[in-house]
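Working notes, structure below.
Counting convention: from 1, in listed order, for ligands and their atoms alike.
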Amino acid sequence: MDKLIIEGGVKLSGEVTVSGAKNAALPILAATLLTDDACIIKGVPDLRDTSTMQKILRSLGKTAEYDSGNCMISSAKGTNHFADYKLVSTMRASFCVLGPLLGKLKKAKVSLPGGCVIGARPVDLHLKGLRALSADITIEGGYVIAKADKLCGARIYLGGAFGSSVLATDNVMMAAVLASGRTVIECAACEPEVADLAEFLIKMGAKIKGHGTPAIEIEGVKHLHGASHTIIPDRIEAGTLMLAALITEGDVLIKNILFQHQGGLLDKLEEAGASITKVDSSMRLRCAKKLKPVNITTFPYPGFPTDMQAQIMSLMSVTPGISVITEKVYPDRFMHVSELNRMGAHIQKEGPYAIVEGVRELSGAPVMASDLRASACLVLAGLAATGKTSISRIYHLERGYENMEAKLEKLGARVWREKE
Ligand code: UD1
């Protein structure tokens, strides 16, 4: 296993380009199960998670070939309906093959994804939505077994205790496109990645309206065909790069950003006093003056993203003053707090709140990445810290950030890998 070493203290400067969005690519690759025709998905980031999804598609009978961001999916020997625990357990998003398998084959056997270090992650909303479409669903031996003679459109309220669910909306939408009649998903997730999936489904012949809003309307069709699609830029990678520029007091031009997807984050960065210049789809970030602390509460989109909570905590940990960070999507998503404190941060966790007292500087230390976004948070902390930080279990970073190490190196960071 590799660990990542960062010698902090370099002000990042130069240009960097954001890759395609992981959270759009994964359900869009799964959606290719809805047709036997070939599909070409462009801008797929080269990540551990996208390669896991391709393995799952192959295990379900597809051919998946990947070359420089382009993924060509076709049907080799007809789709089978069984998604094995060994693959699904390695990545929670694999559960989004359930909706398209049920939609296309009217049957699916998909392993339950299990828990996760960022907290309990139930699938009740996925199952509620698919049952509402007339699927018969049982759980046996850790597998969800779903069957339907015919899927029927329905009005489905998909809100849960923590608001809408991204992958539940994806799953239900992918089953409903081939159901008979009209489906309305209320309290649907509005995340841009859900809307991007809907755009791909529409290119395949689906009839969908209202995607990107809390009410998605779907008129079922009999058949979907192959399509080609380019994935939207990754707003979480873009946000992480913005914070890398700010935390190192650098001067960085970030290319390939869709600003309309960044409202929750940009509002907070502007409140903190960051100097941001937007030109077309690029953004220049300079740290002209000291930032101010800001309070942050995570919410489903268009609120401040939970997937940026750990990274903004790194920035606040070196911003003088007090900030309160409240996690409303995954109340237990604070594994990074103790690691930041090992680097000299002053953060106190109280239930779903983290009270961050900004310190003058962090000092490099050996730390451990617990999950994908926590690993990005520790990379940011390492870039800002004095001395050497070594981050073990860095494979988490590879799940969601394409070439992050090379991108940072190009901006001047002193970063390299060593064997654990
Ligand atoms: C997706 C993202 C993940 C992001 C998360 C929240 C992908 C591949 N992953 O995950 O990066 O952190 O959205 O923005 O897109 N919940 C239930 N019942 C359910 C499903 C979810 O109670 O059936 C709860 C969850 O525990 C959580 C909240 O709803 O508290 C939101 O989770 P959800 O949007 O479903 O997350 P994912 O789609 O798994």
Between ligand 1 and [X], is the shortest N or O to N or O distance under 3.5 Å?
X: Glu191; result: no
X: Lys22; result: no
X: Leu26; result: no
X: Gly163; result: no

Within 6.0 Å of CZ in Arg399, more than 12 heavy atoms from elsewhere: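 Enclosed: over 12 neighbouring heavy atoms sit under 6.0 Å from CZ of Arg399.
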Sub-4.0 Å heavy-atom approach of [X] to ligand 1:
X: Ala161; answer: no
X: Met53; answer: no
X: His126; answer: yes
X: Gly160; answer: no

Let me confirm one number: the [atom1]-[atom2] distance from [X] to [Y], rounded to the nearest 0.5 Å.
X: Lys22; Y: Tyr401; atom1: NZ; atom2: OH; answer: 9.5 Å
X: Ile202; Y: Leu197; atom1: CD1; atom2: CG; answer: 9.5 Å
X: Leu112; Y: Ser89; atom1: CG; atom2: OG; answer: 11.5 Å

Subset of ligand 1 atoms that lie under 4.0 Å from at least one heavy atom of [X]:
X: Arg92; result: 39 (O)
X: Val329; result: 27 (C), 30 (O), 31 (C)
X: Arg333; result: 12 (O)
X: Phe162; result: 28 (C), 30 (O)
X: Thr306; result: 6 (C), 12 (O), 14 (O)

Within 45° cone of Phe304 ring axis and under 6.0 Å: Lys268 NZ or CZ: no
Hydrogens and angles aside, do [X] and [Y] bring a side-chain donor and acceptor to less than 3.5 Å of each other?
X: Ser19; Y: Lys407; answer: yes
X: His229; Y: Glu199; answer: no
X: Ser75; Y: Lys62; answer: yes

Below a 4.0 angstrom heavy-atom separation, can you tell me which part of [X], side chain or backbone, both or neither, approaches ligand 1?
X: Ala93; result: side chain
X: Asp170; result: neither
X: Lys328; result: neither
X: Tyr330; result: side chain

Glu219: side chain to side chain donor-acceptor pair (under 3.5 Å) partners, not counting sequence neighbours: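 Partners of Glu219 under the side chain to side chain donor-acceptor pair (under 3.5 Å) test: none.
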For Asp267, side chain to side chain donor-acceptor pair (under 3.5 Å) partners two or more places apart: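 Here no residue qualifies.
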Residue selection (non-hydrogen contact nearest [atom]) among [options]:
atom: atom 15 (O) of ligand 1; options: Asn23, Thr298, Asp332, Asp371; answer: Asn23
atom: atom 12 (O) of ligand 1; options: Asp307, Leu158, Val123; answer: Asp307
atom: atom 34 (O) of ligand 1; options: Val166, Leu125, Ile236; answer: Val166

Side-chain ion pair, Asp307 and Arg333, N-O less than 4.0 Å: yes
His261 and Tyr301 aromatic ring geometry - parallel, tilted or perpendicular at 30°/60° bounds: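 The arrangement is perpendicular - the two ring planes meet at more than 60°.
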